[in-house]
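So you know, we letter chains A, B, ... as the sequences are listed, proteins then strands, and number each from 1. Quick note: numbers below take in every heavy atom, side chains included, and nothing from hydrogens, waters or symmetry partners. A quick note: this is a predicted structure, and the numbers were derived from the prediction, not measured.
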Number of protein chains: 2
Amino acid sequence: MPAPDTSSAAHLIAACGGRVTRTRIAVLEILQDSPRSLNHDDVAARLAADGMPHDRVTLYRTLDWLVEQGLAHRIIGPDRARRFKAGGEPRSQHAHFHCDRCGHVLCLESIRPDEQFTLPAGYQPERAELVFHGTCADCGRQRGAKV
Amino acid sequence: MPAPDTSSAAHLIAACGGRVTRTRIAVLEILQDSPRSLNHDDVAARLAADGMPHDRVTLYRTLDWLVEQGLAHRIIGPDRARRFKAGGEPRSQHAHFHCDRCGHVLCLESIRPDEQFTLPAGYQPERAELVFHGTCADCGRQRGAKV
DNA sequence: ACGGTTAATGCTACAATGTTGCATTAACCG
DNA sequence: CGGTTAATGCAACATTGTAGCATTAACCGT
């Protein structure tokens, strides 16, 4: 049973020219393992669960660094807090889905807003951000459940 | 030269059943007069310019009240701060444009994201939020200007 | 027009999220 | 293994938004 994720995280970090630290590896793996985007607290909780207590500031800096290196991307949640997810978005602008029930954010890779719209004359868009709000597939099935 | 806006603001407020106060009138008029959405500080600055200094908390509450009554709507800016604009969005979900040059947010009434996309099975979207980032028409004309 | 009722205001203190500066630690390199 | 310096951890601060409560003033009835 190979564990390519683990080495992958370390390799990705090394490839960026940064130092390969416990924190960076752990944070990137956490993001990679999650199908949903995580906010700062989510990541902190998982670090703690792994027996890796961590400083708030270091976590902010680590997450920012991962985004800066293109190893993760960041969106602003409905609660005006940032949420992070592994994988950059080099040019592939995909949509997101905010579940109003469970509060999680999912990626809709198949939907590309930048290919669909024509803006009024004069506007020069560089990227588009499309966010749906509603009930996600998981919460839709177990309707009534209040996670 | 009639000034319908002024009475309009007061009438709209009265129609909601709330008390018609100086603050509410002034804030609503400021939002109505602006073609762009304003954040809390923008509104506070204009109140001050009108010789109406105001409490931060009152302004937050006034803005929230206007949104609650459907007299204004609110979006979250790229700096994770709220921005407000007159006019509710009863069901008409329009797109917004964040200008990276001047930082302002404009409404693109003609673009309706909720009519364009088909989501994967299971998702139950209730509303869609589409935000373009780039250079707005104003900044595009005077390229190089750094407001 | 006047006074009472109560919504709205303004103040202070607090909460959540994110940032800055700087001393200490530990990753990398020879 | 030891030196260099990026990364960390800590404390203090900044920004954005909230909560509680005493005071003011908008509305209503008379």
- Quick one: closest heavy-atom pair of C16(B) and L71(B), and the distance? SG-CD1, 3.8 Å
- Query: So which heavy atom on I25(B) is nearest to which on I13(B), and how close?
  - Reply: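 Smallest interatomic distance, heavy atoms only, reads N-CD1, 3.6 Å.
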- Measuring from H98(B):NE2 to R83(B):CZ, what's the distance to the nearest 0.5 Å?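 H98(B) atom NE2 to R83(B) atom CZ measures 7.0 Å (nearest 0.5 Å).
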- Is the shortest heavy-atom distance from the side chain of S8(A) to the side chain of Q32(A) under 4.5 Å?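 Yes. Closest side-chain heavy atoms under 4.5 Å.
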Given atom [atom1] of [X] and atom [atom2] of [N], what is their separation to the nearest angstrom?
{"X": "I25(B)", "N": "dT9(C)", "atom1": "CD1", "atom2": "C1'", "result": "15 Å"}
{"X": "D79(A)", "N": "dT18(D)", "atom1": "CG", "atom2": "C1'", "result": "15 Å"}
{"X": "H54(A)", "N": "dG9(D)", "atom1": "NE2", "atom2": "C1'", "result": "9 Å"}
{"X": "I76(B)", "N": "dT16(D)", "atom1": "CD1", "atom2": "P", "result": "13 Å"}
{"X": "L66(B)", "N": "dA7(C)", "atom1": "CG", "atom2": "C1'", "result": "15 Å"}
{"X": "L59(B)", "N": "dT18(D)", "atom1": "CG", "atom2": "P", "result": "12 Å"}

- Query: Tell me the ring pair (Phe, Tyr, Trp, His ring centres under 6.0 Å) pairs involving residues 21-40 of chain A, sequence neighbours left out?
  - Reply: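 As it turns out, the ring pair (Phe, Tyr, Trp, His ring centres under 6.0 Å) pairs with a partner in residues 21-40 of chain A, which skip direct neighbours, are H40(A)-Y60(A).
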- Task: Give each stem of DNA chain D as a range with a range, requiring at least 3 consecutive Watson-Crick or G-U wobble pairs whose two distances are under 3.5 Å.
- Result: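 DNA chain D stems, ordered by first number: C:1-30 with D:1-30.
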Which pairs of donor and acceptor atoms, one on a side chain in residues 41-58 of chain A, lie under 3.5 Å apart (sequence neighbours left out)?
| from | atom 1 | to | atom 2 | distance (Å) |
| --- | --- | --- | --- | --- |
| D42(A) | OD2 | N39(A) | N | 3.0 |
| H54(A) | ND1 | M52(A) | O | 3.2 |
| H54(A) | NE2 | T23(A) | OG1 | 3.0 |
| D55(A) | OD2 | V57(A) | N | 3.3 |
| D55(A) | OD2 | T58(A) | N | 3.3 |
| D55(A) | OD2 | T58(A) | OG1 | 3.4 |

- Relative to each other, are the rings of F97(A) and F132(A) parallel, tilted or perpendicular (30° and 60° limits)? parallel
- Message: Return a single string for nucleotides 18-30 of chain C, one symbol per nucleotide in 5' to 3' order, where B is base contact, S is sugar-phosphate-only contact and - is none, cutoff 4.0 angstrom on heavy atoms.
- Response: BBBB-----BS--
- Message: Which residues pass the side chain to side chain contact (heavy atoms under 4.5 Å, CB included) test with I76(A), not counting sequence neighbours?
- Response: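 In terms of side chain to side chain contact (heavy atoms under 4.5 Å, CB included), with neighbours along the sequence ignored, I76(A) is linked to I76(B), R80(B).
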- Please identify each residue that fulfils side chain to side chain contact (heavy atoms under 4.5 Å, CB included) with V67(B), with sequence neighbours left out. A72(B), R74(B), F84(B)
- The residue, D41(A) or T58(B), whose nearest nucleotide of DNA chain C is more 5′ is T58(B)
- Item | dT9(C) OP1/OP2 closer than 4.0 Å to side-chain N/O of T23(B) |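 True: T23(B) side-chain N/O within range (under 4.0 Å) of dT9(C) OP1/OP2.
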